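For reference, the structure discussed in these notes is given below.
Below, chain A is the first sequence line, B the second, and so on; all start at residue 1. As the structure is a prediction and not an experimental result, all values here were calculated from the model.
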Protein chains: 2
Amino acid sequence: MFSKACEYGIRATVQIALQSEKGLRIGLKEISNAIDSPEPFTAKILQQLAKNDIIISSKGPTGGYEMSSNQLSTIMLSDIVKTLDCDLIYTGCGLGLATCDAKNPCVLHFQFDDIREQLKKMLENTSVQQLAKSRESGDTLLRL
Amino acid sequence: MFSKACEYGIRATVQIALQSEKGLRIGLKEISNAIDSPEPFTAKILQQLAKNDIIISSKGPTGGYEMSSNQLSTIMLSDIVKTLDCDLIYTGCGLGLATCDAKNPCVLHFQFDDIREQLKKMLENTSVQQLAKSRESGDTLLRL
DNA sequence: ATAATAAAAGATAATTTTGTCCTATATTTA
DNA sequence: TAAATATAGGACAAAATTATCTTTTATTAT
């Protein structure tokens, strides 16, 4: 469904959010350790996320990644997915046709569009902060 | 969402269904011509579909691909997707974790599962024949 | 200022997916 | 039975994705 880049991107961001809520920065090594992802690949993804103002990066000693309180309260999964351009979920035709829309639909267009709308909604309504919170609290500890 | 193999697989099968309803076989060349797909790659996909009894292939002159009336009335998109193993839609965790289920869920498990169930249902309830029919008839000609 | 640290950036490598080519095999028709 | 035709199958190639490595740049603390 999502690309690896997207999966790591979401998981890394939630991990950063978790630390940011405690007022802490977190370094690359710690992140890829926490979410069990390849360190250099994760670095590339974090760079993209930082460029797109989803997270903040700081260089030097005590440097690392964090999210501002504004970012914590506004960043949705859809922002990450769009930034990392995962699988063209937001645009492409289900059957891979170059052009496909309601006026010129493929045989699967309407069925597919239905699913996509729901996926979109889910991503737009799910915040990183919410995921971070659900990780910490609750009956069962949700995994990352 | 789907892999290229899966996209071609679905489109090719609908094309075969269209011909089979007229009692005709259709050759590889005609198929990849009709759906604008790379011929040898399409051949590989059709082999897999034939092995899994989704379509019937015949060699020699007048050979080609067709669907039995039984196949026409029973094959669902889910059968094609499962056979071509497209993107592990039916199994994997949305965040890529090796194990993730209701008892040991990732932070996105329940939101993701919701979408996946709907996608599953859509694929299980959409028949190839139905897509073929929607291609032929209706106000707007649906594309393949 | 200098040394240490951590991210940025660019080059490179491995893997997977997608796509191609060639030979073999089966089937039909003459 | 022989020739023609069309799929099957295996080896091979290209492209995209995933992953790694090395050098550079910025920042902090001494």
Side-chain angles (χ1 to χ4, degrees), chain A residues 1-13 15-16 19 24-33 35-67 81 83-89 92 95-96, chain B residues 1-13 15-16 19 24-33 35-67 81 83-89 92 95-96:
Chain A
M1 180 75 90
F2 298 123
S3 62
K4 280 286 161 197
C6 206
E7 289 173 2
Y8 294 146
I10 293 171
R11 291 165 63 206
T13 306
Q15 186 65 30
I16 294 167
Q19 295 304 304
L24 299 173
R25 271 189 196 150
I26 180 170
L28 170 61
K29 203 162 295 181
E30 293 171 271
I31 292 171
S32 54
N33 221 42
I35 69 171
D36 189 35
S37 67
E39 203 178 305
F41 190 45
T42 307
K44 298 290 181 194
I45 294 163
L46 293 176
Q47 279 172 37
Q48 281 188 266
L49 293 175
K51 262 186 208 156
N52 284 272
D53 298 313
I54 286 168
I55 58 177
I56 296 167
S57 76
S58 332
K59 286 184 174 185
T62 78
Y65 301 91
E66 71 195 298
M67 292 180 81
V81 172
T83 293
L84 300 178
D85 202 17
C86 308
D87 220 359
L88 296 172
I89 285 168
L95 295 184
Chain B
M1 181 74 89
F2 298 122
S3 62
K4 279 290 161 196
C6 207
E7 290 173 1
Y8 295 145
I10 293 172
R11 291 166 61 208
T13 306
Q15 185 65 30
I16 294 167
Q19 296 304 304
L24 299 172
R25 273 187 194 150
I26 180 172
L28 170 61
K29 203 162 294 180
E30 293 170 273
I31 293 172
S32 54
N33 221 41
I35 69 172
D36 189 35
S37 66
E39 202 179 304
F41 190 43
T42 307
K44 297 290 182 192
I45 295 163
L46 293 175
Q47 276 172 40
Q48 280 187 268
L49 293 175
K51 260 186 210 158
N52 284 272
D53 297 313
I54 287 169
I55 58 176
I56 296 168
S57 75
S58 333
K59 286 186 174 182
T62 78
Y65 301 91
E66 70 194 299
M67 294 180 80
V81 172
T83 293
L84 301 178
D85 202 17
C86 308
D87 221 0
L88 295 171
I89 284 167
L95 295 183

Contact under 4.0 Å: [X] side-chain N or O vs [N] OP1/OP2:
| X | N | result |
| --- | --- | --- |
| S57(B) | dA6(D) | no |
| Q47(B) | dT7(D) | no |
| Y65(B) | dA8(D) | yes |

Over how many whole Å does the gap from [X] atom [atom1] to [N] atom [atom2] extend?
| X | N | atom1 | atom2 | answer |
| --- | --- | --- | --- | --- |
| E66(A) | dT27(D) | CD | P | 14 Å |
| F41(B) | dA11(D) | CZ | C1' | 16 Å |
| Q48(B) | dA8(D) | CD | C1' | 13 Å |
| K59(A) | dA4(C) | NZ | C1' | 15 Å |
| E7(A) | dT18(D) | CD | P | 9 Å |
| F2(A) | dT18(D) | CZ | C1' | 18 Å |
| I45(A) | dA9(C) | CD1 | C1' | 16 Å |
| L28(A) | dA9(C) | CG | P | 14 Å |

Residue S3(A), side-chain heavy atoms: nucleotide from dA19(D), dT18(D), dT5(C) that is nearest: dT18(D)
Identify which nucleotide among dT28(C), dT20(C), dT27(D) has an atom closest to any side-chain atom of P40(B), counting heavy atoms from C-beta outward. dT20(C)
Only one of I56(A), T83(A), I16(A) clears side-chain contact (heavy atoms from CB on, under 4.5 Å) with L49(A); which? T83(A)
Got a donor-acceptor contact below 3.5 angstrom from the N52(A) side chain to the Q48(A) backbone? yes
DNA chain D: S58(A) or C6(A), which has the more 5' nearest nucleotide? C6(A)
Pick the nucleotide of DNA chain D nearest each of K29(B) and R25(A); which residue has the one closer to the 5' end? K29(B)
Regarding K44(A), tell me which of base, sugar-phosphate or nothing describes its non-hydrogen contacts under 4.0 Å with the strands shown. base
Is there side-chain contact between M67(B) and T13(B), with heavy atoms separated by less than 4.5 Å? yes
Atom of G96(B), atom of K4(A) and distance for their closest heavy-atom approach: O-NZ, 4.2 Å
With hydrogens left out and only the distance checked, is there a donor-acceptor pair under 3.5 Å joining K4(A)'s side chain and the base of dT17(D)? no
